[in-house]
Amino acid sequence: MYGQTTNYGIPAGANTADAKAFVEYMLTDGYVENLASATEGRIPVRPGPEAGSTEYLDAWAALPFGNDQTQEVSIAQVYGPELVDRMAAGAEEFTRWGWGTGDAELAGIVFSQTILATEAEPLFEGADPAEVAASMAAAVEAAQQDLG
């Protein structure tokens with residue numbers, strides 16, 4: 001399974017006290033609020049603040065699904081509790097594309113420049129999937145060439 005995580009880093013020379021406080025907030029009190037910014041597109045990789053707890057997972061499952069706030073339908077209501085649990089289990093097991101390999105830099109560029117998402121756009125207009133895949137491969141190869 002492929003997944004992408006949100007990662008925080010504090011660069012050298014930053015106001016480390018404030019940056020550290022922000023990161024701590026985002027990984028604790030702000031964690032569910034961050035998930036709520038795109039409920040159906042974000043799955044908690046940390047089920048809770050402590051080993052064995054499910055506080056974050058339970059809160060995510062209760063978050064409203066989609067943009068229509070008048071619906072007030074939760075993730076758990078849409079997917080059901082069994083699928084919520086399976087999604088959370090899967091989120092704990094995925095690996096990042098390229099992570100820990102010689103292709104990590106290329107994977108980072110492909111992700112940060114949204115190369116695959118951009119190249120996939122013609123699929124929504126009925127383009128031939130084989131042609132789109134070939135275009136994706138060419139775009140990634142071009143990014144790899146730029147790396148040197």
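Just so you know, these numbers come straight off a predicted model, no measurement behind them.
With values rounded to the nearest 0.5 angstrom, Ser135 atom OG is found 11.5 Å from Asp128 atom CG. The line from NZ of Lys20 to CD1 of Ile10 is 8.0 Å long, rounded to the nearest 0.5 Å. Distance check, rounded to the nearest 0.5 Å: CD of Gln144 to CD of Glu105 gives 10.5 Å. A distance of 13.5 Å separates CE of Met136 from CD of Glu141, quoted to the nearest 0.5 Å. Here the straight-line distance linking atom CG of Leu57 with atom CD1 of Ile43 works out to 10.0 Å at 0.5 Å rounding.
In terms of the side-chain hydrogen bond (donor to acceptor under 3.5 Å, both in side chains) criterion, residue partners of Glu33 (sequence neighbours excluded) are, by chain and number, Tyr25. The side-chain contact (heavy atoms from CB on, under 4.5 Å) test applied to Leu63 returns Val32, Leu35, Ala36, Thr39, Trp60, not counting sequence neighbours.
Across all non-hydrogen atoms, the minimal contact from Ser53 to Glu50 is OG-O, 2.7 Å. Of all the heavy atoms in Glu119 and Pro122, the pair that sits closest is O-CD, 3.1 Å. When all heavy atoms are compared, the tightest approach of Ala143 to Ile115 is CB-CD1, 3.8 Å. The nearest pair of heavy atoms linking Ser74 to Ala62 is CB-O, 3.6 Å. Residue Ala76 comes nearest to Val84 through the heavy atom pair CA-CG2, 3.8 Å, listed as atom of the first residue, atom of the second, then distance.
Between Tyr56 and Tyr31, the ring planes lie tilted relative to each other; the angle falls in the 30° to 60° range.
Using a 4.5 Å cut-off between side-chain heavy atoms of Ile, Leu, Val, Met, Phe, Trp and Tyr, with links allowed through other members, Val23 and Val45 fall into different hydrophobic clusters. Leu147 and Val140 fall within the same hydrophobic cluster, defined by Ile, Leu, Val, Met, Phe, Trp and Tyr side-chain heavy atoms under 4.5 Å apart, directly or through other members.
Using a 4.5 Å cut-off on side-chain heavy atoms (C-beta onward), Val73 and Pro64 make no contact. Two residues are said to be in side-chain contact when any heavy atoms from C-beta on lie closer than 4.5 Å; Gln77 and Phe65 fail this criterion. Side-chain contact check for Asp146 versus Ile109: every heavy-atom pair is 4.5 Å or farther apart.
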Could you go step by step and tell me if Leu27 and Tyr8 meet the side chain to side chain contact (heavy atoms under 4.5 Å, CB included) rule?
CA-CA 10 Å; Leu27 296 176; Tyr8 300 99; 4.3 Å; yes

Apply side chain to side chain contact (heavy atoms under 4.5 Å, CB included) to residues Val78 and Leu83 and explain how you reach the verdict.
CA-CA 10 Å; Val78 172; Leu83 187 55; over 6 Å; no

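Residue pairs meeting the ring pair (Phe, Tyr, Trp, His ring centres under 6.0 Å) criterion with at least one member in residues 33-52: none, sequence neighbours excluded.
Checking side-chain atoms of Asp103 against main-chain N and O of Leu106 turns up no donor-acceptor pair under 3.5 Å.
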